[in-house]
Structure formats: C-alpha cells, structure tokens
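All remarks here apply to the structure that follows.
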Amino acid sequence: YLYINVTDKAGNKADIEQIRYTVEYQEPVAQIGDTKYLTIQEAIEACSKTAGETQTTIEILKSTDEEFSTYEGQNIILDLKGNTIGCSNSNTPICTNKGTLQIVDTSTEKTGKLESLNGTAIENKGTLTIGDSSTEIEMEVPTIYGKQIGIKNEGTFNFYDGKIQGTAPIQGNVTNT
C-alpha cells in the first residue's frame with residue numbers, strides 16, 4: 001500500500017488524511033526480442049503483416065488462458081518454452097491462424113502445449129507447422145489438445161513433431177510429415 005498525506009498549497013491538511021492505492025502488476029506473457037507483452041495477441045499485433053519469408057519469434061514467458069489470431073501475411077514462430085496456452089471457457093478456437101505459423105517448444109522440460117477444454121485448439125486457414133523438419137523427431141511436444149478437435153485444417157498443415165489429441169485429433173488433410 002502507498003499512503004499519501006494530502007495538503008493544499010497553503011500547507012493545510014485536507015479532510016482526507018491518507019489515501020490508499022492498490023497497484024496491480026500484470027506479468028507479461030509473451031516476448032519478441034527484448035520487448036515484452038501482456039498478451040499473446042499484443043505480440044502478434046506487433047508482428048509485420050507483410051513479413052514474406054522473414055519470421056518473427058514470439059516466446060511465451062508463462063502459461064496463460066487466452067485466444068489469439070494471426071493475420072494473412074504474417075510469418076510467426078510461437079515458442080511455447082514449456083508453457084501452456086489454454087482456454088477453458090469458450091468454444092472459440094484458442095488459435096485461429098490465417099498467416100504462416102510455426103509452433104515449437106525449445107524448453108528443456110518439453111512440456112509446452114495448447115489446450116482447449118471445450119472445443120477446438122487450432123483452426124488453420126493459412127500455413128501451420130507443428131514442430132520443425134529437422135532430423136530429430138520430438139514425439140511429445142508440442143502437445144495440441146482440443147476436447148472436440150485438436151486441429152481443424154483448411155489450409156496447409158505440416159506436422160513434424162509433437163502430438164495432437166481430441167475426439168477428432170485432426171480434421172482436414174496433413175500436407176507434410
């Protein structure tokens with residue numbers, strides 16, 4: 001708490017002798033380079049919408065419940081860093097991708113996941129890549145879980161690493177594995 005004594009210009013005390021302020025601190029959940037953001041969507045908004053082949057990496061700093069969307073023209077790597085992006089109160093997908101989005105987990109813990117407890121985890125209308133195409137295959141991360149649908153694909157979908165779970169883990173075609 002911060003206490004402030006209030007006086008007027010003449011030095012007289014006001015009727016209110018103390019004012020109590022409560023300051024809430026909200027921790028950032030995402031980071032691009034040295035810049036931190038309070039939401040994943042704020043970080044996405046900071047990414048170029050005409051990126052072409054230039055990728056921007058968004059690192060997730062802590063687990064969060066949030067829905068977010070990428071835009072056509074964006075080229076983003078979302079590094080879960082061992083954190084969970086979840087949504088338990090909505091039937092809206094956690095992630096709606098209209099750009100180019102690659103989801104990875106570079107943490108040593110290998111616990112990164114997107115988890116929708118009600119509906120679809122990811123709706124893809126652009127180019128979605130889960131993992132990377134290196135020779136080392138990660139069977140467990142990133143984890144994509146949707147109670148109904150893990151990934152609903154209406155675009156290009158490259159599935160290299162991780163696991164996808166749901167009543168219907170993948171709805172649509174997988175382009176590359």
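From a predicted model like this one, the values you see are computed outputs, not experimental measurements.
- With rounding to the nearest 0.5 angstrom, the CD1 atom of I60 is 10.5 Å from the NZ atom of K81.
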- Item | CA sep, side-chain torsions, deciding dist, call: I94, F68, side-chain contact (heavy atoms from CB on, under 4.5 Å) | CA-CA 6 Å; I94 294 171; F68 60 92; 3.9 Å; yes

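- With a 6.0 Å radius and a threshold of 12 heavy atoms from other residues, nucleotides or ligands, Q165 has its CD atom above the threshold.
- S116 places no side-chain N or O within 3.5 Å of a backbone atom of K147 that could act as its donor or acceptor partner.
- The local environment of CD in E109 is crowded, with over 12 non-hydrogen atoms from other residues, nucleotides or ligands closer than 6.0 Å.
- For N158 and T129, the side-chain atoms include at least one donor-acceptor pair closer than 3.5 Å.
- Of the possible donor and acceptor atoms, one in the side chain of N75 sits under 3.5 Å from a partner among the backbone N and O of G52.
- When side chains are defined from C-beta on, Y71 counts as touching I44, because their heavy atoms get closer than 4.5 Å.
- The ring pair (Phe, Tyr, Trp, His ring centres under 6.0 Å) search around F159 returns F157, not counting sequence neighbours.
- Comment: E72 does not engage K49 in a salt bridge, judged by the lack of any side-chain N to carboxylate O separation of less than 4.0 angstrom.
- Residue-environment remark: NZ (K110) exceeds the threshold of 12 foreign heavy atoms within 6.0 Å.
- Remark: N173 CG is loosely packed, at most 12 non-hydrogen atoms of other residues, nucleotides or ligands lying under 6.0 Å away.
- Here Y145 sits in one hydrophobic cluster together with L117; the rule is ILVMFWY side chains under 4.5 Å apart, joined directly or through other members.
- In this structure a side-chain-to-backbone donor-acceptor pair under 3.5 Å is missing from Q74 to A51.
- Across all their heavy atoms, G112 and L80 have their closest contact at C-CD1, 3.6 Å.
- Formation of a donor-acceptor pair under 3.5 Å by the Q102 side chain with backbone atoms of G131 is found in this model.
- Expressed to the nearest 0.5 Å, how far CD of Q171 lies from CD of E123 amounts to 9.5 Å.
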